[in-house]
> 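Supplied in structure tokens, the structure appears directly below.
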Amino acid sequence: MCFEFDSRPPDLPPDLVRAVAGGAKAELLELESADGTRFSAALAGSAADSDVGVVILPDVRGLYRFYIELAERFAEAGRHAIAIDYFGRTAGVGERGEDFDFWPEVQKTTPEQIQADAAAAIEALKERTGVSSVVTVGFCYGGLQSFLTDMNPSLDLAGAVGFYAGLRTERWGITSPVDRAAEIRGPILGLFGEADEGIPVELVEQFESNLTAAGVEHEIKLYPGAPHSFFDRKYEEFQEACSDAWRRVLGFLDEVDSRVGGRQ
């Protein structure tokens, strides 16, 4: 598991707030994927205009309070954002509660289904907010999916971010992005904890080496002493890493924004 159910996203560093805090409450939606599946999403529109929006790909719990609030934090940072759930096909719609038995549902997902749902979320985000381009931001299982989604040319992503993305993928039955680095379209940003027991530093370094060899534009950051799921408000000892991660993600979005025409 990535986060505990009572986890909350870290606050934005004050200098990165670009819209009024509390003025970007997320709206719960039901979207329809290409195969007719209804699935849940949470969209937070920002009071600040931007060309580049964010599709949030959660951890294995799917859409729960952490990611709804994270969409709101992105909106406060001036980015329209939508977080999606993975389990509309097998567990119906709605925000996931603490008692949700997520693991059997995770095992029923496929990258193709998640990418189809991401496509519907991208369309909804563009229609409702006017963004022209989208970056995926994923966590753990969602970080893996963020990198896999960036391989799909039909989605035409402007980039992908992965927080402690799953690079050991045997349990998912998926080929690791480490071995598919040349298929990533980029640019990508990967944020990892050096003390993450599930993602060895050597594997992260191999991923970075393969990206370099493939000519994929990338940035990989390893945070010393940080565990898996360090991006959590209650982990006071990792506040510096959380602030740095916010700065890197928002800086990445600003750089993508400059490439697609800058702010309106």
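FYI, side chains are in, hydrogens and waters are out, and symmetry mates aren't considered; it's all heavy atoms of this structure.
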> Examine the side chains of Asp117 and Gln113 and answer whether a donor and an acceptor come within less than 3.5 Å of each other.
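Side-chain D/A pair, Asp117 to Gln113: absent.
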> Take Val52 and Val135 through the side-chain contact (heavy atoms from CB on, under 4.5 Å) test and state the conclusion after the steps.
CA-CA 7 Å; Val52 178; Val135 168; 3.9 Å; yes
> Is Thr212 reaching over with its side chain to a backbone N or O of Glu208, donor-acceptor style, under 3.5 angstrom?
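Side chain of Thr212 to backbone of Glu208: a pair is present.
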> Is any side-chain heavy atom of Leu250 closer than 4.5 Å to one of Phe74?
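Sidechains of Leu250 and Phe74: in contact.
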> Tell me the side chain to side chain donor-acceptor pair (under 3.5 Å) pairs involving residues 187-199, sequence neighbours left out?
Asp196-His228
> Search all heavy atoms of Ala81 against all heavy atoms of Ala71 and return the closest pair with its distance.
CB-O, 3.9 Å
> When rounded to the nearest 0.5 angstrom, what distance separates CD1 in Ile122 from CG in Asp156?
9.0 Å
> Would you confirm whether Ser176, through its side chain, and Leu167, through its main-chain N or O, come within 3.5 Å as a donor-acceptor pair?
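Yes.
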> Would you mind reporting whether Val137 and Leu57 have side-chain heavy atoms less than 4.5 Å apart?
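No. Closest side-chain heavy atoms not under 4.5 Å.
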> What pairs of residues pass the side chain to side chain donor-acceptor pair (under 3.5 Å) test when at least one of them lies in residues 241-252, not counting sequence neighbours?
Asp15-Arg247, Glu219-Arg248, Tyr223-Asp244, Asp244-Arg248
> Are Val93 and Leu43 co-members of a hydrophobic cluster defined by side-chain heavy atoms under 4.5 Å apart?
no
> Roughly how far, to the nearest 0.5 Å, is CZ of Arg233 from CZ of Phe66?
9.0 Å
> Just jot down the salt bridge (Lys or Arg N to Asp or Glu O under 4.0 Å) partners of Asp6, sequence neighbours excluded, or say none.
Lys234
> Taking Arg8 first and then Asp232, would you say they form a salt bridge - that is, a charged N and a carboxylate O separated by under 4.0 Å?
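Not counted as a salt bridge, because no side-chain N and carboxylate O are separated by less than 4.0 Å.
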> Got a salt bridge between Arg79 and Asp51, using NZ or NE/NH1/NH2 to carboxylate O under 4.0 Å?
no
> Restricting to non-hydrogen atoms, name the atom on Val216 and the atom on Gly186 that form the minimum distance, rounded to 0.1 Å.
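Reported closest heavy-atom pair: CG1-CA, 4.1 Å.
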> To check you understand the geometry: which heavy-atom pair defines the closest contact between Asn210 and Ala181, and what is its length?
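In terms of heavy atoms, the two residues are closest at CB-CB, 3.7 Å.
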> Within the 4.5 Å heavy-atom criterion, are Val131 and Val54 side-chain neighbours or not?
no
> Would you mind checking if Arg18 and Glu76 are paired as a salt bridge, meaning a charged N to carboxylate O distance below 4.0 Å?
no
> Does the distance from a Lys or Arg side-chain N to an Asp or Glu carboxylate O, for Arg89 and Glu105, drop under 4.0 Å?
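Between Glu105 and Arg89 there is no salt bridge, as every charged N stays at least 4.0 Å from the carboxylate O atoms.
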> Is there a donor-acceptor contact under 3.5 Å from the side chain of Thr169 to the main chain of Ile174?
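Flag set: sc Thr169 to bb Ile174 pair under 3.5 Å.
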> Do Leu148 and Ile114 have side chains that get closer than 4.5 Å, going by heavy atoms?
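Heavy-atom side-chain distance check fails, nothing below 4.5 Å.
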> Walk me through it: do Phe100 and Phe87 pass the test ring pair (Phe, Tyr, Trp, His ring centres under 6.0 Å)?
CA-CA 11 Å; Phe100 176 59; Phe87 311 120; 5.5 Å; yes
> For the pair Phe230 and Tyr235, evaluate ring pair (Phe, Tyr, Trp, His ring centres under 6.0 Å) and give the outcome as yes or no after the intermediate values.
CA-CA 7 Å; Phe230 66 84; Tyr235 290 161; 8.9 Å; no
> Would you check if there is a donor-acceptor pair between the side chains of Thr109 and Tyr141 at a distance under 3.5 Å?
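Yes - a donor-acceptor pair under 3.5 Å links their side chains.
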> Less than 4.5 Å apart, any side-chain heavy atom of Phe139 and any of Leu70?
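Answer yes - side chains close enough.
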> Kindly determine whether Glu27 and Arg128 satisfy side-chain contact (heavy atoms from CB on, under 4.5 Å), including the steps that lead there.
CA-CA 12 Å; Glu27 175 189 3; Arg128 287 171 173 261; 3.5 Å; yes
> Report the C-alpha distance between Phe147 and Thr136 in whole Å, list the side-chain angles of each, state the deciding distance to 0.1 Å, and finish with yes or no for side-chain contact (heavy atoms from CB on, under 4.5 Å).
CA-CA 8 Å; Phe147 293 154; Thr136 52; over 6 Å; no
> Do Pro13 and Gln239 come within less than 4.5 Å of each other through their side chains, counting heavy atoms only?
no
> With rounding to the nearest 0.5 Å, note down the distance linking CZ in Phe252 to CG in Asp257.
12.0 Å
> If you look at every heavy atom in Ala158 and Val256, which pair is closest and at what distance?
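Between these two residues, the closest heavy atoms are CB-CG1, 3.4 Å.
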> Are any side-chain N or O atoms of Arg96 and backbone N or O atoms of Arg61, one a donor and one an acceptor, separated by less than 3.5 Å?
no
> Any donor-acceptor pair under 3.5 Å linking the side chain of His80 with the backbone of Gly53?
no
> Would you say Tyr86's side chain and Pro58's backbone share a donor-acceptor pair under 3.5 angstrom?
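Side chain of Tyr86 to backbone of Pro58: a pair is present.
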> Closer than 3.5 angstrom, by distance alone: can the side chain of Asp150 be matched with the main-chain N or O of Ile184 as a donor-acceptor pair?
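Such a contact is absent between Asp150 side chain and Ile184 backbone.
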> Could you check whether Tyr164 and Phe192 have their ring centres less than 6.0 Å apart?
no
> Whether the Tyr67 and Asp85 side chains hold a donor-acceptor pair (N or O, under 3.5 Å, no angle test) is what I'd like checked.
no
> Are side-chain heavy atoms of Val204 and Leu222 found at a separation under 4.5 Å?
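In contact.
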> Of the non-hydrogen atoms in Gly78 and Ser46, which two are nearest, and what is the gap between them?
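Nearest heavy atoms, Gly78 then Ser46: CA-OG, 3.3 Å.
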> Supply the atom-to-atom distance Glu217 CD to Leu189 CG, rounded to the nearest 0.5 angstrom.
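Taking CD in Glu217 and CG in Leu189, the distance rounds to 11.0 Å.
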> Rounded at 0.5 Å granularity, tell me how far CD1 in Ile188 sits from CE in Met151.
8.5 Å
> Taking all non-hydrogen atoms of both residues into account, name the closest pair between Pro200 and Arg168 and its distance.
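So the two residues come closest at CG-NH2, 3.5 Å.
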> With rounding to the nearest 0.5 angstrom, report the CG to CG distance, Asp59 to Leu144.
12.5 Å
> Measure the shortest side-chain to side-chain distance between Leu157 and Arg185 over non-hydrogen atoms and say whether it is less than 4.5 angstrom.
no
> Indicate yes or no for a side-chain donor-acceptor contact from Thr37 to the backbone of Ser33 under 3.5 Å, with no hydrogens or angles considered.
no
